[in-house]
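Following: one structure in structure tokens, then a few remarks.
The first residue in the sequence is number 1, and the count goes up from there.
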Amino acid sequence: MFHGKQTRVLLLNDMERLKRTLFRLEQGFELQFHLGPTLQGKSVHVHTNYPAPGKKFVSSSFRQLEWVNPSDREDDSDKYCKLDLEIAGSYQYYFGHEERSGGGYIVVDPVLRIGHERKILPLDCITVQTYLAKCLGPLDEWLDRLRVAKETGYNMIHFTPLQKLGASRSCYSIADQLELNPDFSPPGKNNTWMDVGNLTEKIKKEWNMLCITDVVYNHTAANSKWIRHHPECGYNLVNSPHLKPAWLLDRALWHFSCAIADGKYSDSGLPSFIENDKRITILRGLLWMEVFSQLKLWEFLQLNVEKAVEQFRKVLQAGECLLPKLKVIQDSQYRRLSNTVDMQLALEINGPKSIQECCDWFKKSLEELNVECYKEMHSHHEKAINCIVGTVCYERLAAHGPQLGPVTRTNPLVTRYFTFPFEDMTMEQENQLIQNPNDACHLLAHNGWVMGDDPLRNFAEPGSNVYLRRELVCWGDSVKLRYGVKPEDCPYLWAHMKKYTEITAKHFSGVRLDNCHSTPLHVAEYMLAVARQHRPDLYVVAELFTGSEELDNIFMTRLGITSLIREAMSAGDSHEEGRLVYHFGGEPVGSFVQPNLRPLVPSIAHAMFLDVTHDNECPIQVRSVFDALPSTAIVSMACCASGSTRGYDELVPHQISVVKEERLDPKWNPDALPSSVEEVNLQTGIMSGKLALNKLHQELAEKGFTQVYVDQLDADTVAVTRHCPSTHQSVVTVSRTNANTFIAECPLHAFSYLPSHCTGKIEEVILEARTVERNAESYVKDERFINGMPNYMVEIREHIQLEDSEIIKQGHATTKGRSEFVEEILFEKLTPGSVIAFRVSLDPNSQKMVGYLRTQLSQFNRLYKSGSLTDSNVPGILKIALDFLMSKLTLAELNVLLFRCDAEEQEDGGGCYNIPSWMPLKYGGLQGFVSVLSEFRPKNDLGHPFCDNLRQGDWMIDYVSSRLMNKGGALREVGKWFSAVFTYLKHIPRYLVPCYFDAIIVGAYATAVDAVFNQMSSFVQNGSTLVKQLALGSVQMCGVGRVPTLPPLSPELEDVPVRLNSVTKQEEQCCVSLAAGLPHFSTGIFRCWGRDTFIALRGLMLLTGRYLEARNIILAFAGTMHHGLIPNLLGQGVAARYNCRDAVWWWLQCIQDYCNIVPNGTDILMCPVSRMYPTDDSEAQPLGTVHDQPLYVVIQEAMQRHMQGIEFRERNAGPQIDHNMRDEGFNVEAKVNPETGFVYGGNRFNCGTWMDKMGESDKAHNRGVPATPRDGSAVEIVGLSKSAVRWLMTMNENGNFPYSSVTIHRDGTEQSVSYKEWNQRIQENFERFFYMSEDPSDPNEQHPDLVHKKCIYKDSYGASSPWCDYQLRPNFTIAMVVAPELFTVQRAWKALEIVEKKLLGPLGMKTLDPDDLVYCGVYDNALDNDNYNCAKGFNYHQGPEWLWPVGYFLRAKLYFAKKMGQEKYNESVYLVKNVLSRLYTHLERSPWKGLPELTNENGQYCPFSCETQAWSIATVLETLYDL
């Protein structure tokens, strides 16, 4: 029962063929097809045969669906095409890029309507009763007989076929599919299909009942007149000559059977009456001797050797012949010794061989082949004899078999497999029939079924030996029909069956596909399409015996089957029956509310769960009469269609045979006596109980009791609960089954129970019923009517109070905790055959609390309006909408509400919520809860430790509210809202707490996320889902801790956020800082890093519209400038380390980005900067003691100091700041080469770029040695400095920057270098010194011997270890993005292709060429061994795949692809979208809702990586911005 527009999303993945997956949908649903990671970026086409609006369905007619892209740019994460599903049936879809690469089916359920008002009958409401049509008598009497179904509460009648029956009188052996059974017309009247239609329409409109009937496509009666005129419609010996050996065997067995019947083998020990195993042994021997040996059926597989050799000799040409391997070619007409071999193969010439030698070899080969053929037929014979003997044992010896008695012509030894419409004749004469096509065409194969066979294989087609091996359980009254693959193959049969289908669909609301698993799929598809043209909402049911749910699904999906018939009799005991109830429908009690838009998940087939089907054993014979009522009660409580067969309710104590039964069903008469055999009423059998149960079944489905719980109270007693998720009312039935007759005779007190407990208040006993004996004559089978056992009936009482019950007694009512109202129930007289059903509601207080809670939840979802109540004493905070409260939160406060990892929480004196039996959550904020809930909500995993924790106590609930209440400000108001809502939650039954907690958290989370986006840029607000998810990373990473991380900004600066220090009570600045990654770099001095901050700042702050906070971070770092550098590790400024050469250039790049992106962005250059270190030698100065400088002065200082040359030793150098670094490593150097303009610096004992791993292992002797010193001119620093120089030059020309040059003092003189000149030097020298040419004699190449990858750019220039310059790494792609002008387009493109091939991983970029000798792709920081290259994570940047460079690679690819032309650009867009889709998949699945720092090789998880990293998220967001 759904509220609002329901949308399901089907993710398409390359090469995913889902033809064996069942997807069920309802009319009115929208189905969206989204591209999976393997297809994003490709030009994918989706086709379907679901008809366009206003068009008719044609299964072979496919149309292409149009793509919708809501954000109309960026990635493909939101791109979809859709179907609005309004027509029932089975529909196919397929998709592909250049060719078809995947597909499947969807099934849309029909909408059934009844009554004059056309009221909808939900599928789960259905209660069906099956009638054998031949037992209904003349059509005029049908209403009196069918009224039994109406008066016992059924709403659907299933008729076996109404057509004229064949000679066997089996309900399923139809003589003429187009003719109404003449038995239905009384003398002097000729009823027609129109009369049947009038009757079904009357039943539908006046009785509110639907009628369905069987369609039988697989066979026709052996005596059908039309099959005599059209024998091509069956498998005969003309169109199926492969059946000739099987036919001969069948005739031989018939003659052998006649001989046994005539006593010809009595002297051999085999009389006509086969009654023991000894005679079975004799039978086995005689079959070999008298039948199989005489037939010589192997000759049908063999060749005539002499004839073939003679033929071979004639066609041999002069020359030699090769002796190849030969195979038999089967004679198409299946004549004896008429097979051949490939003569051409035999004639291949090679080597000197005479004709005689060739013929001798040929003869020997043929004789060997004939031996193989003999062995093959011998194995068929063995199987056939085993099957024959098995059949004889079952039919004549087995106690549970039919015990047919002596072998006669009426009951032959085995059923005949073929028709024989001729007079008796000898085997010799019968052999002549095969030769004459006019006779052979009437020798037709019977139908049947094969145990354990593949249902998708037609056992009568060539290649199958079922008839020869006697594996068919044969229906000797029916001929198997041969359709071929299309109507043209057998025009008469297809036209005949099409008309049959049209008649059926015209007069019936639905069909049961008889023998569905053996009906050719393409035939059933065609016929059902015909039926749906006449009745679009056709209800289709079937019983499948494939033995596999996966195989069932093939039939379900191809045919659009609505319901699969399931039977309670298949359950061996009450426990299994209860399991079937749980399996066939409904959700667990207390299930989560699923969103209206959600993934389309595979379904299990909708069940029509019957207590017994019409062609199975009688339950009274198998179990006991006392089992009928409780078993049907268990079935009735299933959340699916249910039903029964006429006779079950009347307690007919034998199977009503579909073949032999000719008596009539009794009519309805409310005044009939128990002794009446021709009339029944509610006093008959269990009919009064069935009426009450059918009404209950329909009420539960109509009123939305969709949740199910099954409890096995003891071996024979099953309690089934149906629960309504909107009212929280439950109906519980307790049924005491009785599988064994003797138990019924035990004294009543043996069935007393220990007390049982019921959560909630029992409102009423809906019904209590039990099967009892009454004074009546014992059962005698009537000759005219199908009568039941008159000496049993049901005592039933309905709608009584608990105190009036005779089965149960009320015990104590107790309250468990503050929310669990529990009633104790004592079972007093729950005797075998008893059923009790009671209605349970929440106690009044819980009802109110749930109502108040639903009122609050209705602000998130209209679904909760149902069952909501107004609290007259509602707390004031709940009168305010949550979205209003959250609109008052800053993004920094939303960081607290949504995120904050354990370390951040601990800094505040708390921690993330820890589930003792499981694990701590990832975040203290709402995302921590949502990540876990989203994992198990779709699966309704109510047994998850998270749910257990919620049911056991209020700890988690209190954590959420109290954590926010302790924060103060607007967060406290949100905390108050949670606290007030949770007050309601705490007072409802504990089993409901998980689903309502989920609803509160998810609603609040969605509101908070909306509040986030409302404060962000239009890029985010109008962006795709991926953009929005990544933008949340901005909130995740940017926050304010207990101690401010950034150094204070100038007091002169406006709009700086402040707060009251909780300890000093003084006002302090509280600017947002950016964490490098979670959880490892989230708090204290390790939270903020200059390099990480400014690589991430553009993506996480500028593109998301957080301009003020970005300004504050830029200015805070400006204030810490020292020696012309900004810090690597910020350490709040006072504990900063100035040991990186690149951070200052990233900082300058961000200032440039700020000026370009932010409106009036150049204003930042005039902002005051409070310098913490006014001179190189000064200590950190307090705020306000040094005069401010405008930012442009600080920028100029950085440029000037680099041109002058930076050279210093780190303050406090030694183990106190770095216990791994060697002494030389503390010496920092950063300068500009005056010839090239390149920034260079560093030494072999320090690492001044992002690849900054310092060796730590004594075992491996790498302690104090950087893995990647990258000294000299690192390529990305050259690119960043070029970008900065070019920008300052332009800014000066535009009048936005006052300096045109840098002034330095060198050799006692003052020198000036203009930005224009500096820019020109880098431009002229970059490719000269960084490009590795294909030309080995390139004069610019100083170390040609070190070149091992050509057409790439060096990672550095001038390294102390020259070979390091030549390593392939992803760093030059950064330079391509920030300074693309440095690169020649063709060279850049070639280099990017090599990077893509060698370095691009599933999520990240390999940090080193895998062909490099020191490459190692697995990072393990805990491993300490003697491996120099890997110990203690020494390979951190020597192979592991880092994510942030991916953004730069993709951006470079897009930039240069545009220069290469449209084709290359389109290819690049595909690549970019494909990589983005993989990142999106990770982001969706990650409980951290972020992108990791790195992965191990080939995208494998790395446990030492940060789970979510600022720069990883930021650079991907930048890629999306570029896209």
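The two residues N1112 and L1046 have their closest heavy-atom pair at O-CD1, 4.5 Å. Summarising the geometry of C1247 relative to M1251, their closest heavy-atom pair is CB-O, 3.8 Å, with the distance given to 0.1 Å.
Between F978 and F982, the ring-plane angle classifies as tilted under the 30° and 60° cut-offs. Ring planes of W1444 and W1146: perpendicular class, angle over 60° (limits at 30 and 60°).
Here ring pair (Phe, Tyr, Trp, His ring centres under 6.0 Å) pairs that include residues 896-917, with residues two or more places apart or in two chains, are F899-Y923, Y913-Y959.
Aromatic ring centres of F1504 and Y1436: separated by at least 6.0 Å.
Q1509 places no side-chain N or O within donor-acceptor distance of the main-chain N or O of C1506, the cut-off being under 3.5 Å. A donor-acceptor distance shorter than 3.5 angstrom exists from the side chain of T983 to the backbone of S979, with no hydrogens or angles considered.
Residues T1508 and Q1036 bring a donor and an acceptor atom of their side chains to less than 3.5 Å of each other.
Partners of T1481 by side chain to side chain donor-acceptor pair (under 3.5 Å), not counting sequence neighbours: none found.
The residues R1263 and E1256 are annotated as not salt-bridged, no charged nitrogen and carboxylate oxygen being separated by less than 4.0 angstrom.
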What donor-acceptor contacts under 3.5 angstrom involve side-chain atoms of residues 1066-1074, with partners at least two apart or in another chain?
unit_1	atom_1	unit_2	atom_2	d
E1068	OE1	N1061	ND2	2.8
E1068	OE2	R1059	NE	2.9
E1068	OE2	R1059	NH2	3.1
Q1069	OE1	L1049	N	2.7
Q1069	NE2	L1049	O	2.9
S1073	OG	R1087	NE	2.8

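For Q1216, the CD atom is densely surrounded, since the number of other residues' heavy atoms within 6.0 Å is greater than 12.
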